Amino acid sequence: MTERQKFPIPSAEREDVEEALGLLWYQRELGVTDGATLRGALHAAGSPEGFDRLVRHGFVREESDHVLLTSSGDELARDVTRRLRLAERLLTDVLSLDRSAVDPNACVLEHTISPEVTESICTLLGHPVECPHGHTIPPGECCGRKDGRLSPIVVPLSRLAVGESGRVAYLQLKDHPELHRLLALGVIPGAPVHLHQTFPAFVVEVGESQLALESSIAARIFVRRAEESKIS
Amino acid sequence: MSEARSPSDRKTLILLGNPNVGKSVLFGRITGKYATVSNYPGTTVEVSSGVSWLAGEAWRVVDTPGVNSLYPSSEDERVTRDFLLKDRPEVVLNVLDSKNLARGLMTTLELVEFGIPFVVALNLADEALDRGIVVDAAALSRCLGVPVVQTVATTGEGMADLKRAVERATVATVSGSATPEIRRSLEILDPLFAKGFPGTRAVQLALLAGDDTVLTWVGAGSAPGIGEDVLYKAGQTERSRFARPPRQILFEGREGRVREICAEVVTVRGKLAPRISQRLGVWALRPWPGFLIAGIVLFAVYQFVGVFGAGTAVNFLEGTVFGKWITPGATWVVEKVLPWEFFRDILVGPYGVIRMAFSYAFALILPIVATFFIAFGLLEDSGYLPRLSVLLDRVFRLMGLNGRAVLPMILGLGCDTMATMTTRILDTKKERIIVTLLLALTVPCSAQLAVILGMAAGLSPKVLGVWLFVLVGTTLATGWAASKILPGARSTFLMEIPPIRRPLFRNIWMKMQVRLAWYLKEVVPLFVYGTLALFFMDRWGLLKMAERGFAPVVQSWLGLPAQATEAFLIGFLRRDYGAAGLYSIQKAGFLDFRQVTVSLVLITLFMPCVAQWLMMFKERGWKGALTITVAVLVVALGIAGVLNRLLLLFPFLVS
């Protein structure tokens with residue numbers, strides 16, 4: 001069952017509703033739940049009647065000054081955020097679009113990809129947990145399963161085979177501030193990597209430097225596999 | 001070197017670059033005087049300086065710790081950044097690794113913002129050629145707008161050109177690659193800064209990047225009436241304008257510019273077949289044959305330090321030089337010149353400064369530390385040590401540490417005092433405390449090790465086996481327990497592995513001289529104080545009293561003869577001295593196999609020497625040092641006592 005059947009919305013309004021819910025989700029991540037601010041934010045985003053529409057559909061309710069997402073609103077907001085952020089990852093990592101082209105295209109994609117496609121993208125990208133801007137991607141059902149029907153193109157370094165090569169796709173830095181050192185050591189998107197060994201510690205060649213690191217760091221470096229090793 | 005101008009008037013040249021780019025060797029080439037050089041990331045913590053004749057006058061030349069970024073994320077990087085802001089050197093010599101140009105240029109583009117004239121040395125040109133990488137120096141010079149010279153510091157190639165280039169150093173013309181949004185923020189910050197202060201851009205960018213440590217040095221650069229707090233707030237306000245972290249935007253901007261430059265100046269002709277040194281470097285990292293290589297290396301080090309240094313060289317110096325000439329000679333002179341017995345005893349009595357302090361410092365320890373410094377220098381410069389860190393990372397994780405802690409522990413096998421000082425390279429306080437504790441408890445120093453191996457030599461190999469087993473077990477158990485008790489988390493293991501390089505003997509030799517000079521200056525006085533303390537304790541009968549006081553513990557709990565007490569007490573002055581005391585008791589036939597085993601374990605675990613003890617106070621503070629001391633005493637006596645009981649029950653373990 002898709003969320004479209006679960007929460008019937010006139011299709012003309014659907015994009016606007018999703019857009020508005022995505023914005024509320026993001027604001028809540030930032031810790032903003034204040035009603036007046038959120039109305040203002042929706043207004044500024046070009047959707048002056050957006051807030052009332054969300055209330056009408058039963059996606060949000062207001063308690064004193066705070067805006068709360070209802071359970072259906074929460075589910076849809078979470079889903080649209082997941083689609084948007086996965087789309088950003090897809091455009092950045094696999095299609096290697098320029099950053100300026102990623103955002104507008106992802107905004108269009110998020111409304112058109114179906115749940116099945118969302119799962120496939122998520123699996124293909126190795127169940128990423130952060131979008132290119134560093135925001136958390138809400139996990140989906142597939143993330144728990146980690147099924148292997150589709151061989152991911154972008155995998156954490158820790159899942160690469162010894163002797164395999166690739167290029168750094170992105171680093172997941174948010175929950176590990178120490179890892180900013182990686183950037184300075186030359187582990188930057190686009191840098192060629194080659195995995196030498198995984199025990200006792202991971203040893204990788206990045207560009208012309210050789211680095212030793214432990215698995216918790218290797219799990220946060222995402223690598224786009226080299227062409228010849230993609231089909232496995 | 002004659003000091004024609006006072007050092008403070010001198011122009012300053014600082015060397016700046018990533019770790020392991022050959023900066024320190026280059027420094028040695030420029031100044032002719034060598035400072036501590038290191039392949040191990042993080043050990044060049046101290047800043048070394050020398051003097052060189054450049055552009056017709058004497059310059060002060062300073063070697064800074066290797067940095068990966070001038071937006072500091074480590075103490076090393078902060079030291080270097082502060083140097084640029086505070087000391088404002090006349091010229092910076094930016095040392096780059098030719099084979100890894102992109103990474104070096106990231107720092108170069110940060111350096112540009114400081115507005116200091118600089119010169120680029122494209123070092124390691126030989127290693128780059130081995131890998132088929134060619135860098136066009138002239139093109140790079142055009143891109144950056146500063147002189148660029150190709151060098152091979154190890155052979156001295158390009159040094160003359162480099163020295164001449166210092167005269168032509170200019171402020172770079174390459175733009176710092178700020179995006180329009182960054183530039184707008186910089187314009188808003190501009191009025192807060194004094195006009196014409198050359199470091200302004202760097203400070204502003206640091207504020208935008210969220211690096212508030214820069215505020216400490218901002219004083220001279222801010223506009224009249226603008227304080228740290230105003231700048232701090234302004235930085236915060238500007239940062240909040242960006243949807244993405246400005247640090248990231250700046251990084252991407254520089255990265256893009258570096259890519260453009262590299263595309264223009266770097267040609268890759270495909271790798272040549274890997275050299276034998278590269279192969280060796282890969283092998284040494286794998287469990288097989290890595291551990292075999294480690295075993296061979298440690299055996300070679302032991303042969304050189306333990307057998308040659310602590311055996312042959314010590315025998316000659318102690319037995320012949322001091323035993324036959326210096327001590328008898330000094331005794332003769334003193335007895336002729338000094339009529340007072342008290343002063344005679346202070347100099348040449350059994351606890352006299354010459355008989356004890358000098359002969360121990362120069363005859364017993366000097367040859368050992370000298371050979372150790374040479375062996376350690378070879379390991380350091382060859383790039384081998386970080387490989388040992390990789391091999392042992394897993395084991396060290398059991399103790400709440402990571403592979404980085406291998407270096408101080410290995411150093412401890414040479415001299416625990418120095419090793420205690422190098423715990424500074426560890427990331428967290430918790431790790432520093434654990435390593436300091438283990439150094440005090442279980443790691444024997446080279447001098448002590450030599451005597452211990454001598455004692456065990458004539459006995460069943462089981463004695464040495466039990467000793468090693470107890471020591472390794474105690475290390476793991478204590479480290480594990482300490483990691484559970486102490487608050488805080490282990491830091492993650494992330495380390496650069498430099499390539500295996502052939503060490504230059506000239507560098508090793510000069511480095512040993514610098515370290516020996518340190519030893520003489522710092523350690524010898526400690527020997528003198530320690531000996532004086534013992535002298536007065538002996539004179540006032542305190543030594544005998546202590547022996548009587550401790551006899552019950554020694555005799556009943558440890559099952560050792562009463563004479564052993566003095567050995568343990570004296571072991572506090574020097575670890576090996578205590579061991580030597582036991583050696584003589586053993587030679588006199590007072591110890592059986594069980595007692596030898598117990599005393600070997602106890603003398604290893606027991607109190608560190610006084611020098612190490614003082615270093616513990618200096619590095620860990622009195623609270624930390626006292627806690628460690630108590631822990632060491634309890635664990636050492638506990639384990640030795642239990643071992644004694646076990647061996648009484650199962651004597652076959654050592655016979």
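Because the structure is predicted, anything quoted here is derived from the model rather than measured. Each chain gets a letter, A, B and so on, in the order the sequences are listed, and its residues count up from 1. Keep in mind that the numbers below use all heavy atoms, side chains included, and drop hydrogens, waters and symmetry copies.
- Of all heavy-atom pairs spanning Leu69(A) and Ala77(A), the tightest one is CD1-CB, 4.3 Å.
- Neither the backbone nor the side chain of Glu127(B) comes within contact range of chain A; no heavy atoms are under 4.5 Å apart.
- Of the two parts of Tyr71(B), neither the backbone nor the side chain holds a non-hydrogen atom closer than 4.5 Å to a non-hydrogen atom of chain A.
- In this structure, Glu214(A) contributes its side chain and Phe493(B) its backbone to a donor-acceptor pair below 3.5 Å.
- Cation-pi geometry between Arg28(A) and Trp25(A) is met: under 6.0 angstrom from the ring centre, within 45 degrees of the axis.
- For chain B, the option among Ala191(A), Pro200(A), Gly190(A) with the highest count of heavy-atom pairs below 4.5 Å is Pro200(A).
- Residue Leu185(A) touches chain B through both its backbone and its side chain, counting heavy-atom pairs closer than 4.5 Å.
- Counting heavy-atom pairs under 4.5 Å between each of Asn100(B), Asn18(B), Asp393(B), Leu101(B) and chain A puts Asn100(B) at the top.
- When heavy atoms are compared at a cutoff of 4.5 Å, Arg103(B) approaches chain A solely by way of its side chain, counted from C-beta outward.
- Ile121(A) CD1 to Ile113(A) CD1: the interatomic distance, rounded to the nearest 0.5 Å, is 4.0 Å.
- Interface remark: Phe202(A) contributes no atoms to any contact with chain B (heavy atom separation under 4.5 Å).
- Taking 4.0 Å as the cut-off between side-chain N and carboxylate O, Lys99(B) and Asp126(B) do not count as a salt-bridged pair.
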